[in-house]
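One structure is given here, and the rest of the page talks about it.
By convention in this document, chain letters (A, B, ...) are assigned in the order of the sequence lines, proteins followed by strands, and residues within each chain are numbered from 1.
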Protein chains: 2
Amino acid sequence: MTVLFSKKCEIGLQAVLYLSTEEDGVLFNALQVSEKVKQPKEFVSKVLQILTTSGIIGSKKGKNGGFFLAKSATEIRLIEIVEAIDGMEVFEKCVLGFPECGDTHPCPVHMQWGKLRDDAYNMLKEETLHDFKMKTFDKLATL
Amino acid sequence: MTVLFSKKCEIGLQAVLYLSTEEDGVLFNALQVSEKVKQPKEFVSKVLQILTTSGIIGSKKGKNGGFFLAKSATEIRLIEIVEAIDGMEVFEKCVLGFPECGDTHPCPVHMQWGKLRDDAYNMLKEETLHDFKMKTFDKLATL
DNA sequence: TTATAATCGGAATTATAATTCTTATTAAAG
DNA sequence: CTTTAATAAGAATTATAATTCCGATTATAA
C-alpha cells in the first residue's frame, strides 16, 4: 500500500516535478519521464494522459513530441495534481473509517486528524512548483 | 480508497473500540460486532481473528463464545491495532513515493510530512483505549 | 452424548487498482 | 508522399486487496 495517494498519483507528482526542472518550451517524451521516475513507459504514459486532460501539462503529438508544463511553475500547486488524479476524498473521509464521523458525531480522533489533514492540505496547496524547483532538481539528480 | 489505513484496519480499530465499551469479562460474538460496525460478519470475523492472533483481543470458542479485550483498556493503544493489521509502513515511506527519500535525499515535502507523520503516530500512540472510551461510546451509540 | 452455537483457518471468489497491449492519430523529416 | 516517432484512447490482462465460503474444531447446554 501507498501512504496517502494512489501509485498513479505518486507518479503524477514525480513526473510533474521532473517536467518543472526544464525551461518553458522544452519537451520530455514519455520514455524520458518513465526512465526518470523508474516506472514502465506504458504506465507513466497513462498518468501523463490524465494530467494532460486535466490541463496541468500539455502534450505535443507526432515526431519530436512530448510533454511540458501547461502553466508556469509559479502557478502550479501540488494539490492540483492530487485533485486531478485521486480527487479530494482523502481530505474528506474519516481516518478511522466511521461513515458518520463529523463535527456532530466525532470519532475519537476527529479533531486531531482534522488538524493534520488541514496541515497536509496546506502543505500541498501553499507552495508552488517553482518553490520546490531547486530541491526537486537536487532530488531527481540523485535517483 | 481509504485514507491512511486499509479497510481491514479501519474495521479492526472500530471493533476494538466497540469491545472496549463493555466491562472486563463480557464477550461479544462476531455477529454482534459486525452489526455494530455495519460490515459483513465473515469479513469482521477475519479481522477479529487477526487481532486475536496478535494478542490484542482474546477469543472464547464454542457456544456462548466470543471476543473480548485481552488487556485492560488502559493498556491498549490504537497504534497497536494499526501495527497488527497494516504494519508500520505508512509511517516509514515517502508520501510522494520517492524510494530514496530520506534526510540525505529529501523529497520536496520531506520535512513537512515528517512532522505530520510523527503527529499522526503520536495521536495513535499516546492515548489509551480507556481515554477514548466515553467518546467512543457516544459515537457508537449514534451509528 | 447429542445438538447447537461459536471460533479458526484456509481456500475460493470477487472487486478494484495497477499494468500492459493494441490500434489509431498526429506531425516531423527524409 | 512515405517513413518514423511520438501521443491518445480504450481494451485486455495481471496483481492485490477485499470479501465470502466451507469444513474443522471447540465448548456449552439440553
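Ion pairing of A:E83 with A:R77 is absent here, as no side-chain N (NZ or NE/NH1/NH2) approaches a carboxylate O to less than 4.0 Å. No salt bridge links B:K93 with A:E10; every basic N to acidic carboxylate O contact stays at or beyond 4.0 Å.
For the pair B:K7 and D:dT19, the criterion of a side-chain N or O lying under 4.0 Å from OP1 or OP2 is met. For the pair B:N29 and C:dA6, the criterion of a side-chain N or O lying under 4.0 Å from OP1 or OP2 is met. Distances shorter than 4.0 Å separate some side-chain N or O of A:S59 from OP1 or OP2 on D:dA8.
Distance, B:Q49 CD to D:dG23 P: 17 Å, rounded to whole Å. Nucleotide C:dC8 holds its P atom 11 Å from the NZ atom of B:K46, rounded to whole Å. Between B:L27 atom CG and D:dT28 atom C1' the separation is 13 Å, expressed in whole Å. As rounded to whole Å, 8 Å separates atom P of C:dC8 from atom CD1 of B:I57. Straight-line distance from the NZ atom of B:K38 to the P atom of D:dT19: 16 Å, rounded to whole Å. A:I11 places its CD1 atom 15 Å from the P atom of C:dA17, with the value rounded to the nearest Å. Spacing between atom CG of A:L48 and atom C1' of D:dT7 amounts to 10 Å, rounded to whole angstrom units. C:dT16 atom C1' lies 14 Å from atom CD of A:E89, rounded to whole Å.
Comparing D:dT26, D:dT19, D:dA6 by their closest approach to the side chain of B:K61 singles out D:dT26. Comparing C:dA18, D:dC21, D:dT28 against the side chain of B:K63 picks out D:dT28 as the nearest. Each of C:dA18, D:dA9, C:dC21 was ranked by its minimum atom distance to the side chain of A:T53; first place goes to D:dA9. Set against D:dT7, C:dA17, C:dA29, the side chain of A:N64 has C:dA29 as its closest nucleotide. Set against C:dA18, C:dT7, D:dA18, the side chain of B:A30 has C:dT7 as its closest nucleotide.
Distance CD1/B:I79 to CG/B:L13: 9.5 Å, rounded to 0.5 Å.
A donor-acceptor contact shorter than 3.5 Å is absent between the side chain of A:R117 and the backbone of A:E92.
Under the 30°/60° scheme for interplanar angles, the aromatic rings of B:F91 and B:F5 are found to be tilted.
Across the interface with DNA chain C, nearest-nucleotide mapping of B:M1 and A:E42 shows B:M1 to be the residue nearer the 5′ end.
Nucleotide C:dA27 forms a pair with D:dT4, judged by Watson-Crick or G-U wobble geometry with both contacts under 3.5 Å.
Counting non-hydrogen atoms under 4.0 angstrom, A:S45 reaches nothing in the nucleic acid.
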